[in-house]
Amino acid sequence: MSKVEKYFSDLGLKAHILNALADLGYEKPSPIQSACIPHLLAGRDVLGMAQTGSGKTAAFSLPLLNNINPELAVPQMLVLAPTRELAVQVGDACTDFAKHIKGVNIVSLYGGQRYDLQLRALRYGPQVVVGTPGRLLDHLKRGTLNLSKLNGLVLDEADEMLRMGFIEDVENILSKIPAKHQTALFSATMPEVIRRITRRFMNNPYEVRIQSSIKNCPDISQCYWIVQGIRKNEALARFLEAEDFDAAIIFVRTKNATLEVAEALEKNGYNSAALNGDMNQNLREQTLDRFKNGRLDILIATDVAARGLDVDRISLVVNYDIPLDYESYVHRIGRTGRAGRAGRALLFVENRERRLLRNIERMTKLTIKEVKLPTAEILSSRRLAKFADKVQNQLESNDLNMYRALLAKLQPAAEELDMETLAAALLKMAQGERPLILPQVPNNKVPNNIKRRILRRNLIDRSRGSRR
DNA sequence: AAAAAAT
């Protein structure tokens, strides 16, 4: 393309879409948007690949919504997503984009939500359906959803939707839509094995791959820490204390671990909660809402939250358990550095997981910087600074007089004491269970005799494994 | 090898 598109109004979108964009404060399309929108408007299949946070949702939603016939009260556009929360988010985005198109209804259909709500929404004859595969198939079987007039199909997080476990459901849904339809596949990652499969689903697609560059790469500074000396949950508390963050998301490997880590953080006084696929859907949505609107600072999640979620408060991602594949890493850290903000990503690596770290570095073509555990000095000075802030706040409050009176009553009991000694005693009491002067971090070095013992144990384990 | 996705 020789012409460089500058504004949404240059892309061929109708006025009502442009008005919605203006309301939302969107001016200029991102590279993936300006590359894809004209082709999708023209009805062509598109395979869109661009890094996280680059505006893929709008890239497929805007042109497909633009081409909807509002007079026809049947599903014309369907978006499939790999998690329920993502289905909700994409549905909400479409509702925003379509708010000036008269007569267009949008519904999100996903598991765990009451049927009566979904059935009522379906009776309005929505032109746009966003959903997760299981519940969509359920509606198709019950005959409460009819996709026989569908024009546009989108697989959001396409590589995930075409993986084992999902692809069967996706193919099943595809068998219920007209053979002649437009397909859009979007993702930040596209492993070669899956890329080959995409050909089965597309007809002469226009392929867009937006390479990361200084200009369009999200600003995420990445580092790792080799687990050493102390347990991961203690290390997490230390890192969090040393870090300035708005909201943080901690990724763990298992659903159980979300609960364990959440509990440990709660004990440390953090405002945190777990998110995993075993929780009931109301609680899942409520937790995510609290996280979005700032009533929750830390979310501890499985990969249910790895893809697509757009929460611009997130300034820190911690990979508490290293992900087993590099795609998961890319999506996880992509939860930060959104909407032009900067983000930090910290990765915990156990010694035996170094291979996974090297793999991530090789695939992302990045060198991730090693960091050390925040020292006792750093933490002490931060605690002291926070404490000083609190004291300052008290000094500025105007209810201190009654405590002055109290001070006078305290004085006879400590007749020999000067005010400074008294202040020191009160300070000692006030610090409570979080000492303002921390003991030194335990020595990171593992003694040699212990090392030999670990080595021997590993060798025994391995020989046992090979005999089986 | 875990998690996700209908009940």
Side-chain angles (χ1 to χ4, degrees), chain A residues 78-91 107-119 121-122 129-145 147 154-174 176 187-189 191 193-194 249-262 274-285 287-288 299-309 319-332 335 348-350 352-353 355-357 359-360 465:
Chain A
L78 172 67
V79 184
L80 298 182
T83 65
R84 297 165 179 179
E85 285 72 19
L86 200 50
V88 172
Q89 182 181 293
V90 173
V107 63
S108 293
L109 302 175
Y110 53 94
Q113 202 196 30
R114 281 162 49 181
Y115 279 91
D116 57 342
L117 298 177
Q118 298 186 354
L119 294 174
L122 283 167
V129 177
V130 185
T132 47
R135 184 59 72 93
L136 287 171
L137 278 170
D138 190 14
H139 279 293
L140 286 167
K141 269 185 207 134
R142 288 164 182 252
T144 46
L145 175 66
L147 297 177
V154 181
L155 301 192
D156 196 8
E157 307 295 338
D159 58 335
E160 180 70 7
M161 300 309 292
L162 296 177
R163 251 182 237 280
M164 296 249 288
F166 268 123
I167 188 163
E168 229 174 280
D169 284 351
V170 170
E171 287 186 312
N172 210 337
I173 292 169
L174 252 69
K176 308 277 196 275
S187 184
T189 52
V193 245
I194 306 288
I249 185 161
I250 319 290
F251 283 105
V252 295
R253 188 140 46 205
T254 64
K255 290 182 261 200
N256 224 340
T258 61
L259 306 176
E260 290 165 13
V261 176
L275 184 75
N276 68 58
D278 272 358
M279 290 160 46
N280 85 52
Q281 191 56 28
N282 279 337
L283 185 55
R284 275 170 69 165
E285 284 175 46
T287 302
L288 194 59
L299 193 66
I300 303 95
T302 57
D303 275 336
V304 71
R307 283 175 178 259
L309 289 189
N319 277 288
Y320 185 91
D321 294 321
I322 191 169
L324 297 171
D325 47 70
Y326 117 95
E327 285 88 6
S328 175
Y329 178 82
V330 169
H331 290 282
R332 283 175 173 191
R335 291 322 98 218
F348 287 180
V349 185
E350 309 244 18
R352 58 169 188 276
E353 296 167 336
R355 200 178 41 85
L356 291 167
L357 168 67
N359 190 48
I360 289 168

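In the text below, chain A, chain B and the rest are named by the order of the sequence lines, each starting its count at 1.
Considering only residues two or more places apart in sequence or on other chains, A:R355 meets the side chain to side chain contact (heavy atoms under 4.5 Å, CB included) condition with none of them. Considering only residues two or more places apart in sequence or on other chains, A:E157 meets the salt bridge (Lys or Arg N to Asp or Glu O under 4.0 Å) condition with A:R307. Not counting sequence neighbours, A:T287 has no partner by the side-chain hydrogen bond (donor to acceptor under 3.5 Å, both in side chains) test. Judged as a side-chain hydrogen bond (donor to acceptor under 3.5 Å, both in side chains), and not counting sequence neighbours, the contacts of A:D116 are A:R114. Applying the salt bridge (Lys or Arg N to Asp or Glu O under 4.0 Å) criterion to A:E171, with sequence neighbours excluded, gives A:R200.
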Next on the checklist: Counting primed atoms plus P, OP1 and OP2 as sugar-phosphate and everything else as base, spell out the protein contacts along nucleotides 1-7 of chain B at 4.0 Å heavy-atom distance: B, S or - for each nucleotide, 5' to 3'.
Outcome noted: BSSSBBS
